[in-house]
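Since the model is a prediction, treat every value here as computed from it, not as a measurement. Every chain is numbered from 1 and lettered A, B, ... according to where its sequence line falls, protein lines coming before strand lines.
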2 protein chains.
Amino acid sequence: MKKPSVQRQLEDFEVLCREAGLPVTVQRQVVYEDLIRRCDHPTADQVFETVSRQMPQISRTTVYRVLETLVELGVVRRICHPGTAVRFDGRHEPHHHLVCRECQKVIDYERSALPAVPLPKGKPRGFVVEDYSIQLLGRCAECRKKR
Amino acid sequence: MKKPSVQRQLEDFEVLCREAGLPVTVQRQVVYEDLIRRCDHPTADQVFETVSRQMPQISRTTVYRVLETLVELGVVRRICHPGTAVRFDGRHEPHHHLVCRECQKVIDYERSALPAVPLPKGKPRGFVVEDYSIQLLGRCAECRKKR
DNA sequence: TCTCGTTTTGATACAATATACCATCTAGAA
DNA sequence: TTCTAGATGGTATATTGTATCAAAACGAGA
């Protein structure tokens, strides 16, 4: 799985917006670029904080709204997280997550490190299953040190 | 995997509290019982709402605090969820989750329906992995109907 | 059973996170 | 360049979670 360049991803994003009939605003571009450049799983406020450094007049509301739009477009995911704020992930390639049971940190884990899971056939409980992600639950190094 | 009766789980809970040196308060019992009786993955406020029907004087703060205590005791889990509020799960048996990408509903999925995943050996990124859970991402029946 | 010390609880205030609303502005079509 | 649908910015408000502290409850020991 080759990782596309940031430039390439931004171009694709522009095409996608046009296809969806959405104006390509600088706010949408800046927020999306921030998300694909960073490797953590930021909250909306964390994105707002970094983005407002290069674009001080951007509104917090806009960042929240743009993030929702990106999720609807399918270029960004809300990740499943045990904490108190929604977190976003701009990675395209599917991957798993290491979740610390104490501090609730979430770290990416290469998909290739685990055998593939066959998706269920049919529609369990009415769900059409399109993809999957494994959460590996445990303790991170820092939390283990504390004990 | 036999599901223990509610009565039995409450007795075990009492023993666990005493072992941990925690007083067995009615609030702790009522909140725990509510969690093991319900099959969804409620937020703290949802637990507060149902519990306050049988115990109108209970405080919202207490429900939040008791839920944290139950997590620390290990009888309840914070589940990983893409939404805006922390959600809790009183089930003991490990299980997977069906996650709707549109409405973010999370439904249990029997663990036996998928092949077992071997846990990684060693400590990837310093994590000691103790367990895992698979999220099956897709669309639920209601959301599909809307389109 | 009663008393006492520790811990929990309830209530309020506050903080953090997310959404509603609307006047203004901008992207992109004509 | 002009026009218009839709996006943005700013404020207000809703939702979710935490801090604080006096009063009450648990449960150990008499």
Open item on the list: Can you pull out the residues from residues 49-67 of chain B that lie within a 4.0 Å heavy-atom distance of DNA chain D?
Closed with: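 When residues 49-67 of chain B is checked for heavy atoms under 4.0 Å from DNA chain D, the hits, listed by number, are B:R60, B:T61, B:Y64, B:R65.
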- [ ] Using a cut-off of strictly less than 4.0 Å between a heavy atom of the residue and any atom of DNA chain D, enumerate the qualifying residues of residues 78-85 of chain A by number.
- [x]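 Nucleic-acid contacts, sorted: A:T84.
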Open item on the list: How close do A:V99 and A:P82 get, counting heavy atoms only, and between which atoms?
Closed with: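 Minimum heavy-atom separation between A:V99 and A:P82: CG1-CG, 4.0 Å.
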TODO: Of all the heavy-atom pairs spanning A:F48 and A:I58, show the shortest one and how long it is.
DONE: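 Answer, listing the atom of A:F48 first, then A:I58: CE1-O, 3.4 Å.
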- [ ] Give the intermediate values and the outcome of side chain to side chain contact (heavy atoms under 4.5 Å, CB included) for residues B:D34 and B:M55.
- [x] CA-CA 12 Å; B:D34 183 67; B:M55 196 183 197; over 6 Å; no
Contacts table for residues 68-77 of chain B: side-chain donor-acceptor under 3.5 angstrom, sequence neighbours left out:
residue, atom, partner, partner atom, Å
B:E68, OE2, B:R78, NH2, 3.1
B:T69, OG1, B:R65, O, 3.0

TODO: Mind checking ring-ring contact (aromatic ring centres under 6.0 Å, His included) for B:Y32 and listing every partner two or more places apart, or none if nothing turns up?
DONE: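 For B:Y32, the residues satisfying ring-ring contact (aromatic ring centres under 6.0 Å, His included) (neighbours in sequence not counted) are B:F13.
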Task: Test log, rule side chain to side chain contact (heavy atoms under 4.5 Å, CB included), inputs A:T43 and A:Q46 - done: CA-CA 5 Å; A:T43 64; A:Q46 288 170 334; 3.3 Å; yes
Atom pairs and distances, donor-acceptor, side-chain atoms in residues 112-127 of chain A, under 3.5 Å, two or more places apart:
residue, atom, partner, partner atom, Å
A:R125, NH1, B:D108, O, 3.4
A:R125, NH2, B:E110, OE2, 2.4

- [ ] List in chain and number order the residues that pass side chain to side chain contact (heavy atoms under 4.5 Å, CB included) with A:T25, two or more places apart in sequence or in another chain; answer none if no residue qualifies.
- [x]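 With sequence neighbours excluded, A:T25 shows a side chain to side chain contact (heavy atoms under 4.5 Å, CB included) to A:P23, A:Q27, A:R28, given in chain and number order.
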Task: Residue list, side chain to side chain contact (heavy atoms under 4.5 Å, CB included) with B:E11, at least two apart or on another chain - done: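 Side chain to side chain contact (heavy atoms under 4.5 Å, CB included) check on B:E11 returns B:Q7, B:R8.
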Does [Y] offer a backbone N or O that forms a donor-acceptor pair with the side chain of [X] under 3.5 Å?
X: A:E33; Y: A:V30; result: no
X: B:R87; Y: B:H41; result: yes
X: A:H81; Y: A:G83; result: yes

Open item on the list: Run the side chain to side chain donor-acceptor pair (under 3.5 Å) test against A:R18 and tell me which residues pass, sequence neighbours left out.
Closed with: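 Only A:E14 meet the side chain to side chain donor-acceptor pair (under 3.5 Å) criterion with A:R18.
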Task: Angle by which the axis turns from one end of the helix from C:dT1-D:dA30 to C:dA30-D:dT1 to the other, five pairs per end, to 10 degrees - done: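 Inter-axis angle at the ends, rounded: 30°.
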TODO: Flag the pair B:L16 / B:E19 as yes when at least one side-chain heavy-atom distance between them is below 4.5 Å, and no otherwise.
DONE: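 When only atoms from C-beta onward are counted, B:E19 and B:L16 do touch, with a gap below 4.5 Å.
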Task: Sugar-phosphate or base contact per nucleotide [nucleotides 24-30 of chain D; S, B, -; heavy atom under 4.0 Å] - done: --SS---
TODO: Using the heavy-atom set of chain B and a strict 4.0 Å cut-off, write down the first and last nucleotide of DNA chain C that makes it in, 5' to 3'.
DONE: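 For DNA chain C, the relevant span reads C:dT8 to C:dA18.
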TODO: Mind checking salt bridge (Lys or Arg N to Asp or Glu O under 4.0 Å) for A:E49 and listing every partner two or more places apart, or none if nothing turns up?
DONE: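 A:E49 satisfies salt bridge (Lys or Arg N to Asp or Glu O under 4.0 Å) with no other residue.
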